[in-house]
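The structure under discussion appears below in the form of C-alpha cells.
Nothing here was measured: the structure is a model prediction, and the numbers come from that model.
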Amino acid sequence: MSPAALMLAAWAIEIAFGWPNWLFRLIRHPVVWFGILVRWLVTTFNQDGWAHTTRYIAGMVASLFAISLATALAWLIAERLPDTPEGILLEALIASTLIASRSLYKHVADVARPLACGDINAARQSVSLIVGRDPAQLDEAGIARASIESLAENTSDGVIAPLFWGTLLGLPGLAAYKAINTLDSMIGHRDARYAAFGGFAARLDDVANLIPARLTGLAVACASTRLSVFGIMVRDAGRHRSPNAGWPEAAMAAALGIRLSGPRIYGKQQTDDPWLNPEAPDPSGQDIRRALRLYLKAMTICALLLFVIVLLQVTV
C-alpha cells in the first residue's frame, strides 16, 4: 500500500471511530506515552543551574533522541507487518491514532453547545481544555475567538500536517511529525524554564509545519469559495506571532468575516498581538458553528485531494 493510500485509510478509520474513551482508559494513547518520555527528559536534562547554551544543546539532544525513538519504532512496525489485508489494516489503525480530525471537531463543538444555550461557565470550562488562556477572563467573544483560533491552528497541526508527512514518508514520517509537534507543545515555550531547553524543538516544529500550515490556509480559503479570502490571508498571515499559525487563522478570519488573534491574557500577562482581519467585528458564539461547518468543507476538499493522489499513484 502506498503512503497516500495508507493515510487515506487511516484518516477514514479516525473519522469513523476516533480514539474511544474506553480504550483511552485501558491503554491511554501513544501521545500520552510519548509525553511520559518527554517529561522524564525534561526532569533529567533541563537543569536550572546550567548555562543557556548548555540547556539548549541538552534540549536539542533530548529532542532528537525522542524523535528518533518514535520514528524508529514506527519504521520497525511498518517493516515487520506483513503485506496482507490484516497487516495493512493494523498499520492503518496505528496511523489513525496520530490524526485528530474527529477529536478536534468534538472539542470545539463542546464549546459551541453550552455557549449557544447561554451557559458561559460551561463554555469556559470546555474552552480551557483546548487553549492556554485564563477562561475566567473570557466573555462570549473571547471564548468564540479562542475556540475558532484553536480550530484553525489545530486543523494544520492535528490533521493536515500529519497527513502531509505521512503521505510523503509513510508511518515513520507521520510518527516523526507527531513527535516534533508534541515536543513543541510540551517544551516549546518562551518562558524561563523552556526558552533554552525547548528552543530547538520549537524551531524544528516551525520547519515541519511550514508547508502544511499554508496548505491548511489554502484549504480553508477554497472552502469559503470567496476570492477575497485569499488576499486577506496573504496580507495578514505574517502579522501573527507564529510563522505558521497565521495562515489558517487569517484564512478562517477572512472566511467568517470576523477578526482573530489580537490581545489576549495568558495567566496574568497580557500579550498585545495584532489583529487578523482587523476591520471585521469580534466573533460570537454562532460563529463557532460556522467555523465548524467551514472546517468540514475544508476537510472534504483535502480528502478528495488525497483520494486523487491515490488514484494517480495507482494508474501511473
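A 4.5 Å side-chain heavy-atom check between F200 and L64 finds at least one atom pair inside the cut-off. Taking 4.5 Å as the limit, every side-chain heavy atom of L98 sits out of range of all side-chain heavy atoms of P162. At a threshold of 4.5 Å between non-hydrogen side-chain atoms, the residues Y295 and V159 count as touching. Side-chain contact between S96 and F17 is absent, with no heavy atoms from C-beta onward closer than 4.5 Å. When side chains are defined from C-beta on, L312 does not count as touching I309, because their heavy atoms never get closer than 4.5 Å. You'll find the side chain of D206 stays beyond 4.5 Å of the side chain of L210, heavy atoms only.
Side-chain atoms of H189 never come within 3.5 Å of backbone atoms of D191 as a donor-acceptor pair (strictly under, hydrogens ignored). Side chain of S126 to backbone of A122: a donor-acceptor contact under 3.5 angstrom is found. No donor-acceptor pair under 3.5 Å is formed between the side chain of R289 and the backbone N or O of A112. With R102 contributing its side chain and A16 its backbone, the two residues share a donor-acceptor pair below 3.5 Å. R124 contributes no side-chain N or O that, together with a main-chain N or O of I143, makes up a donor-acceptor pair within less than 3.5 Å. The backbone N or O of S284 lies less than 3.5 Å from a partner atom in the side chain of D287, making a donor-acceptor pair. Although no hydrogens or angles enter the test, the distance criterion places no donor-acceptor pair under 3.5 Å between the side chain of N277 and the main chain of A280. Listed for the S68 side chain is no donor-acceptor partner under 3.5 Å among the backbone atoms of F65.
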Side-chain atoms of residues 71-84: list all donor-acceptor pairs with protein atoms under 3.5 Å, sequence neighbours left out, distances to 0.1 Å.
from : atom 1 : to  : atom 2 : distance (Å)
T71  : OG1    : I67 : O      : 2.8
T84  : OG1    : E86 : OE1    : 3.4
T84  : OG1    : G87 : N      : 3.2

Indicate every side-chain donor-acceptor pair of residues 180-187 with a distance under 3.5 Å to a residue at least two apart or in another chain.
from : atom 1 : to   : atom 2 : distance (Å)
N181 : ND2    : Y177 : OH     : 3.4
N181 : ND2    : D205 : OD1    : 3.1
T182 : OG1    : K178 : O      : 2.7
S185 : OG     : T182 : O      : 2.8

For residues 31-47, which side-chain N or O atoms pair as donor and acceptor with protein atoms under 3.5 Å away, sequence neighbours left out?
from : atom 1 : to   : atom 2 : distance (Å)
W33  : NE1    : I27  : O      : 2.9
T43  : OG1    : R39  : O      : 2.9
T44  : OG1    : W40  : O      : 2.8
N46  : OD1    : R55  : NE     : 3.0
N46  : OD1    : R55  : NH2    : 2.9
N46  : ND2    : R193 : O      : 3.0
Q47  : NE2    : T43  : O      : 3.1
Q47  : NE2    : T44  : O      : 3.0

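Salt-bridge check for R145 with D282: failed, with every basic side-chain N at 4.0 Å or more from each acidic carboxylate O. Using a 4.0 Å cut-off between a side-chain N of Lys or Arg and a carboxylate O of Asp or Glu, R133 and E149 qualify as a salt bridge. One finds a salt bridge joining R235 and E279 here, because a Lys/Arg side-chain nitrogen approaches an Asp/Glu carboxylate oxygen to under 4.0 Å.
A pairwise comparison of heavy atoms in A219 and A298 identifies O-CB, 3.8 Å as the closest pair. Across all their heavy atoms, P212 and I160 have their closest contact at O-CG2, 3.8 Å. Counting all heavy atoms, side chain and backbone alike, S261 lies closest to L276 at CB-CG, 3.8 Å. Taking all atoms of both residues into account, the shortest heavy-atom contact from P248 to A152 is CB-O, 3.4 Å. Pairing each heavy atom of G217 with each of A251, the nearest pair is O-CB, 3.5 Å. Residues R28 and W19 approach most closely at O-NE1, 2.8 Å, considering heavy atoms.
A donor-acceptor contact closer than 3.5 angstrom is absent between the side chains of R226 and S224. With hydrogens and angles left out, the side-chain atoms of E14 and S101 include a donor and acceptor closer than 3.5 Å. T216 and W247 form no side-chain donor-acceptor contact under 3.5 Å, judged by distance and modelled atom types alone.
Taken from CD1 in I130 to CD in E153, the straight-line distance is 11.0 Å, to the nearest 0.5 Å. For the atom pair L204 CG and S63 OG, the distance stands at 8.0 Å (nearest 0.5 Å). From L163, atom CG reaches atom CG of L8 across 9.0 Å, with rounding to the nearest 0.5 Å. One distance of note links CG of D236 with CG of L260; it measures 10.0 Å at 0.5 Å rounding.
Enclosure of atom CG in L26 by more than 12 non-hydrogen atoms of other residues, nucleotides or ligands within 6.0 angstrom is indicated.
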